[in-house]
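Scope of the values below: all heavy atoms of this structure, side chains included, with no hydrogens, waters or symmetry mates. Every number for a ligand or one of its atoms is a count from 1 in the order of the listing.
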Amino acid sequence: MHVNGKPTRTIWPAADGRSVEIIDQTKLPHRFEVATLRTRADAAHAIKAMLVRGAPLIGATAAYGMWLGMMEDASDAGLDEHYERLHETRPTAINLRWALDRMRALLKHLPVAERVENARLEADAITEEDVVLNSAIGDNGVSLIHEIANKKPGEAVNILTHCNAGWLATVDWGTATAPIYKAHDAGLPVHVWVDETRPRNQGAGLTAWELNNHGVPHTVIVDNAGGHLMQQGAVDLVITGTDRTTATGDVCNKIGTYLKALAARDNNVPFFVALPSPTIDWTVSDGIREIPIEERAAEEVTHLTGQTSSGGIETIRVTPAGSGAANPAFDVTPARLVTGLITERGVCHASADGLASLFPEKAA
Ligand code: MRU
């Protein structure tokens with residue numbers, strides 16, 4: 001997508017042929033800064049400290065992290081070490097394990113001397129494929145927006161989204177945002193309700209920043225406003241992303257997604273989840289019991305970071321110093337609350353049968 005009119009991705013190999021560049025998302029929306037990853041440890045840090053985040057981008061960064069690691073130590077022991085150090089960075093998004101498994105499966109059968117070059121080619125391939133998958137999600141999801149637009153001619157289609165499942169969470173296009181960008185580019189009137197998404201505010205800081213850059217009409221709301229807006233008929237459609245979806249259609253996504261799905265069901269608002277197939281965990285069938293939920297630092301809840309009127313960035317405490325805080329980062333929305341899954345192969349029912357109809361080779 002575009003930043004200041006210039007086509008930009010979230011991650012790309014640097015011109016020196018030995019490092020990787022990323023948008024440092026911890027600086028957005030107030031500063032646009034590019035960071036350089038030179039080592040596997042740099043890549044692991046970027047994922048853990050959330051300079052990059054979002055399931056597909058975590059996968060792409062891990063793939064490049066394996067390449068950076070191969071340049072440091074391409075032995076079998078090195079391969080296992082790079083895999084482990086990258087894998088332990090974040091527990092919930094399955095794209096991390098998917099990308100690492102794919103890299104290791106390829107590299108372990110190659111002679112050591114060929115591993116660096118092939119790691120780079122495979123990381124490039126994973127990155128390019130992500131763009132293609134998300135674009136296809138956009139093509140498949142835009143028809144849902146068309147259908148609603150046809151029923152309310154001249155009026156905007158109001159879409160609510162949670163967290164950032166935009167292009168910043170992927171290599172390009174985003175998952176939940178891909179149909180929105182395609183609809184907007186095709187001239188359909190869309191308006192996006194952007195959940196701020198406490199505690200890290202990926203909606204307020206990242207989704208709003210991207211929509212702003214692309215000129216898509218949007219309004220930031222506090223996380224608690226969605227149910228009220230649905231009762232008022234101000235939401236036509238919810239589209240979220242996911243960090244891991246089970247083979248049975250349970251959807252794990254940013255904390256608060258489940259509450260939106262409950263409100264959507266109570267108000268007959270369609271609740272769709274957009275995902276590329278590397279986000280499906282075919283080994284898991286019960287999302288609530290089997291998906292590990294990341295517990296992040298209490299400081300993300302007790303403190304807020306923002307820009308002061310003089311332009312500086314400051315972090316302030318919002319809770320009493322003596323109060324503890326819990327910070328589960330994801331929740332699971334049971335498949336029964338999900339209207340449908342938008343994938344690169346089409347839209348399906350959120351169920352084992354629905355996913356099997358689109359991905360028979362995986363379901364088998
Ligand atoms: O903690 P984050 O910012 O990595 O969480 C991101 C999300 O929950 C996204 O909705 C999800 O990864 C889908 S991204 C296309």
For ligand 1, which atoms sit closer than 4.0 Å to a heavy atom of [X]?
| X | result |
| --- | --- |
| Met50 | 1 (O), 2 (P), 3 (O) |
| Ala55 | 12 (O), 14 (S) |
| Thr242 | 11 (C), 13 (C) |
| Phe330 | 1 (O), 5 (O), 8 (O) |
| Cys163 | 5 (O), 6 (C), 7 (C), 8 (O) |
| Lys254 | 1 (O), 2 (P), 5 (O), 8 (O) |
| Arg90 | 1 (O), 2 (P), 4 (O) |

Nearest to [atom], what protein heavy atom do you find, and at what distance?
| atom | value |
| --- | --- |
| atom 10 (O) of ligand 1 | Asn253 OD1, 2.7 Å |
| atom 15 (C) of ligand 1 | Thr175 OG1, 3.0 Å |
| atom 11 (C) of ligand 1 | Asp243 OD1, 3.3 Å |
| atom 14 (S) of ligand 1 | Ala169 CB, 3.5 Å |

> Relative to each other, are the rings of Trp209 and Phe32 parallel, tilted or perpendicular (30° and 60° limits)?
Replying inline: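 Judged by the thresholds at 30° and 60°, the geometry between Trp209 and Phe32 is parallel.
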>> Angle between ring planes, Tyr83 versus His87, binned at 30° and 60°: parallel, tilted or perpendicular?
In response: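 The rings of Tyr83 and His87 sit tilted, inter-plane angle from 30° to 60°.
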>> Could you walk me through whether Arg38 and Glu72 satisfy the salt bridge (Lys or Arg N to Asp or Glu O under 4.0 Å) test, starting with their C-alpha distance in whole Å, then the side-chain angles of each, then the deciding distance to 0.1 Å, before giving a yes or no?
In response: CA-CA 10 Å; Arg38 294 189 172 82; Glu72 297 170 87; over 6 Å; no
>> Would you say CG of Asn4 has more than 12 non-hydrogen atoms from neighbouring residues, nucleotides or ligands within 6.0 angstrom?
In response: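 At most 12 heavy atoms, drawn from other residues, nucleotides or ligands, come within 6.0 Å of this atom.
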>> Does Arg317, at its CZ atom, have more than 12 non-hydrogen atoms belonging to other residues, nucleotides or ligands within less than 6.0 Å?
In response: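 Yes.
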>> As a test of understanding, state which of Asp130, Val131, Val132 forms a side-chain contact (heavy atoms from CB on, under 4.5 Å) with Asn134.
In response: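 Testing each of Asp130, Val131, Val132 against Asn134, the sole residue satisfying side-chain contact (heavy atoms from CB on, under 4.5 Å) is Asp130.
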> Given side chains that start at C-beta, do those of Pro276 and Ile137 come closer than 4.5 Å, heavy atoms only?
Replying inline: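 In short, these two side chains touch, coming nearer than 4.5 Å.
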> Does the side chain of Ser285 reach to within under 4.5 Å of the side chain of Glu290, using non-hydrogen atoms?
Replying inline: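 The answer is yes, as the side chains (C-beta and beyond) meet within the 4.5 Å cut-off.
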With a heavy-atom distance limit of 4.0 Å, tell me whether [X] approaches ligand 1 through its side chain, its backbone, both, or neither.
| X | answer |
| --- | --- |
| Pro56 | side chain |
| Thr240 | neither |
| Ala165 | both |
| Glu294 | neither |
| Thr279 | neither |
| Gln202 | side chain |

> Would Glu129 and Arg102 satisfy salt bridge (Lys or Arg N to Asp or Glu O under 4.0 Å), going step by step from the backbone distance to the final call?
Replying inline: CA-CA 13 Å; Glu129 281 169 30; Arg102 179 165 154 177; 2.8 Å; yes
Does [X] come within less than 4.0 Å of ligand 1, judged by its heavy atoms?
| X | answer |
| --- | --- |
| Asn164 | yes |
| Ala93 | no |
| His162 | no |

> So does Lys152 pair up with Asp236, basic N to acidic O under 4.0 Å?
Replying inline: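 Answer for the salt bridge query: yes.
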> Can the positive tip of Lys260 be found less than 6.0 Å from the middle of the six-membered ring of Phe271, inside 45° of the ring normal?
Replying inline: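 No, Lys260 does not sit over the ring of Phe271.
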>> Using the rule given for side-chain contact (heavy atoms from CB on, under 4.5 Å), can you reason through Leu304 versus Arg198, listing the C-alpha separation, both sets of side-chain angles and the distance that settles it, and then say yes or no?
In response: CA-CA 9 Å; Leu304 274 173; Arg198 275 281 283 150; 3.3 Å; yes
